[in-house]
Amino acid sequence: MTETMFPDSAPAVVQSAPSRFDSYDTADLWRKDVDHYIHPFTDFAVWGDEGALVMAESEGAYVYDSDGKRYLDAQGGLWCVNAGYGRAEIADAMAEQARKLAYYSPFTNTTSVPGASLAHKLASLAPGDLNHVFFGLSGSDANDTAVRIIHFYFNRLGQPGKKTVITRVNGYHGSSYLAMSLTGVAYDHIGFDIIGEPLITRVEGPDVYRRSDGMTPEEYTDHLVDEFRAKVEELGAENVAAFFAEPIMGAGGVLVPPPGYLPRMREACREFGILYVSDEVVTAFGRLGHFFASDDVFGIQPDIISTAKGLTSGYAPLSASLLSDEIYDVISVPQAPGAEFAHGYTYSGHPVSCAAALANIEIFEREDLCGHVRRVGPYFEERLRTLSDLPIVGDIRGKCFMMCVENVADKATKEMFPPEVEIGRRISDACDARGLLVRPIGRLNVLSPPLVLTIDQIDWLVDTLRAGIEEVMAGLEREGLWSTG
């Protein structure tokens with residue numbers, strides 16, 4: 001946010017801000033934040049100087065900072081504000097539920113009206129026989145829950161040796177201790193401990209753009225599936241419990257699988273007796289044009305789906321682990337007298353969060369937001385691909401409202417910029433100054449806007465992103481860090 005931030009003060013005041021923003025003391029908020037609030041994924045190298053942009057209000061696809069500057073949020077919060085900002089129906093449902101029953105313990109055979117209703121609704125929306133729901137608060141704990149239940153499941157089957165979980169390089173599954181261990185983004189592990197083998201091991205993740213030269217996408221699929229099979233045979237199928245995969249890999253680079261890859265991986269898991277977990281924390285609830293993408297988009301029926309984010313459109317913390325009938329029938333068999341299924345959280349199935357999710361789903365169905373994404377998403381893809389003529393844009397990939405621009409120093413060789421150039425952040429900063437929020441992840445810029453985005457907003461977004469990239473290219477040439485020649 002370098003254009004609007006000063007080293008020893010708050011963001012510059014926007015003189016044209018609407019009067020309602022006068023009530024916000026940006027300098028005071030900025031200082032309190034820098035002094036006391038530890039943010040997720042903070043770059044401490046610049047934190048003390050730049051601090052944070054203070055967000056204050058929102059509507060539709062837009063957010064406003066505390067000085068009143070408006071931004072088109074092409075990040076959708078963090079892949080999550082799917083129904084858009086300012087939905088009074090969701091806020092009203094939460095307030096009404098808080099007045100009726102803000103909380104009651106979900107432990108020991110107690111439920112709530114919205115908790116029971118939402119579990120039923122999710123079972124009706126999920127593919128196949130995923131008829132049982134465990135609620136948590138985040139995508140991280142949904143994946144933690146999946147691992148714990150999978151181990152319990154195989155213990156109950158008398159197969160206690162099946163413990164190893166296979167994930168993929170560049171897969172992202174969360175930031176709790178276990179979920180970050182499942183995550184295969186090496187950069188996120190720097191300085192932290194993670195759980196490794198034998199509990200968690202990895203295979204290559206699909207990156208069609210950077211596959212070996214001369215390899216067709218179909219041959220690349222063969223390569224990935226063969227590697228997975230070889231890994232299982234090396235470990236012994238009797239030791240492998242599960243395979244975790246995002247339908248489209250999110251924070252690892254918006255990596256779209258090559259043709260036939262996911263169905264073939266699903267079939268290999270079935271053949272080896274390995275449970276298939278589809279991490280739909282990002283891809284569910286409309287981002288790819290369906291409530292769930294596993295079956296409707298990619299033709300696979302998982303054993304477990306993890307979801308969060310768009311489940312409430314970010315209005316309240318909530319996650320769900322959806323289990324098949326087969327898994328539930330095993331884990332629900334009574335154990336020793338007095339023994340319980342000892343897994344859960346104080347706020348599992350929180351009534352206010354479940355009320356938010358029900359109101360969110362009602363908006364999706366009433367406004368056909370999934371249909372809107374299927375209709376408008378291809379246009380978004382098409383318009384973004386017009387940026388391919390820019391010299392540093394190496395790849396534009398994704399589907400519908402889950403897209404990514406990969407920036408490179410040399411398009412012919414796909415050579416990357418040195419990390420210290422921070423190419424993704426430079427572009428993000430240039431777009432911020434123009435009122436557009438895009439997410440920088442290393443050399444990438446990720447776009448995951450609210451699903452209410454219109455054609456006109458898409459056109460403005462792409463034109464503004466182009467201007468930001470062009471500004472950055474000019475700056476790199478002035479600094480001698482890159483040249484078209």
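These numbers were taken from a predicted model, which means no experiment stands behind them. All residue numbers refer to positions in the sequence shown, counting from 1.
- Here the side chain of Ser353 pairs a donor or acceptor atom with the backbone of Pro317 at under 3.5 angstrom.
- Taking the charged nitrogens against the carboxylate oxygens, Glu381 and Arg385 do have a contact shorter than 4.0 Å, which makes a salt bridge.
- For Glu204 (side chain) and Glu227 (main-chain N/O), no donor-acceptor pair under 3.5 Å exists by modelled atom type.
- Ion pairing between a basic and an acidic side chain is recognised when a charged N comes within 4.0 Å of a carboxylate O; Asp303 and Arg266 show such pairing.
- Here the side chain of His151 pairs a donor or acceptor atom with the backbone of Lys163 at under 3.5 angstrom.
- Applying the 6.0 Å contact sphere to NZ of Lys162 captures more than 12 heavy atoms from other residues, nucleotides or ligands.
- Of the residues listed (Leu157, Asn155, Ile149), the one engaging Val330 in a side-chain contact (heavy atoms from CB on, under 4.5 Å) is Leu157, and it is the only one.
- Heavy-atom neighbours of His120 NE2 from other residues, nucleotides or ligands within 6.0 Å: at or below the threshold of 12.
- Checked by atom type and distance alone, the side chain of Arg374 pairs as donor or acceptor with a backbone atom of Gly289 at under 3.5 Å.
- In this structure, Arg168 contributes its side chain and Pro206 its backbone to no donor-acceptor pair below 3.5 Å.
- At a threshold of 4.5 Å between non-hydrogen side-chain atoms, the residues Ile363 and Ile90 count as touching.
- Between the side chains of Asp141 and Ser176, no donor N or O sits under 3.5 Å from an acceptor N or O.
- The environment of CD in Glu470 is crowded: more than 12 heavy-atom neighbours from other residues, nucleotides or ligands sit within 6.0 Å.
- No hydrogens or angles considered: nothing links the side chains of Glu218 and Thr221 as a donor-acceptor pair under 3.5 Å.
- To the nearest 0.5 Å, the span separating CH2 on Trp47 from CD1 on Ile38 amounts to 10.0 Å.
- Donor-acceptor pairing under 3.5 Å is lacking for the side chains of Glu246 and Thr283.
- Counting only distance, with no hydrogens or angles, the side chain of Asn143 and the backbone of His173 share a donor-acceptor pair below 3.5 Å.
- A cation-pi arrangement is not found for Lys309 relative to Phe285, the charged atom failing to lie both closer than 6.0 Å to the ring centre and inside a 45° cone about the ring normal.
- A tilted orientation is assigned to the rings of Phe417 and Trp482, their planes being inclined by 30° to 60°.
- At least one donor-acceptor pair under 3.5 Å links the side chain of Arg466 to the backbone N or O of Thr386.
- Note: His350 and Tyr347 have tilted aromatic rings, judged against thresholds of 30 and 60 degrees for the angle between ring planes.
- Distance alone, capped at 3.5 Å, places no donor-acceptor pair between the Thr167 side chain and the Thr183 backbone.
- At a threshold of 4.0 Å, the pair Asp395-Arg443 does not count as salt-bridged, since none of the basic side-chain nitrogens sits closer than that to a carboxylate oxygen.
- Residues Tyr172 and Asp188 bring no donor and acceptor atom of their side chains to less than 3.5 Å of each other.
- Using cut-offs of 30° and 60° for the angle between ring planes, the Tyr328 and His132 rings count as parallel.
- Annotation: Phe272, atom CZ; neighbour count of heavy atoms from other residues, nucleotides and ligands within 6.0 Å is above 12.
- In this structure, Glu238 contributes its side chain and Gly161 its backbone to no donor-acceptor pair below 3.5 Å.
- Side-chain atoms of Thr464 come within 3.5 Å of backbone atoms of Trp460 as a donor-acceptor pair (strictly under, hydrogens ignored).
- Considering only heavy atoms from C-beta on, Gln75 stays 4.5 Å or farther from Val81 through its side chain.
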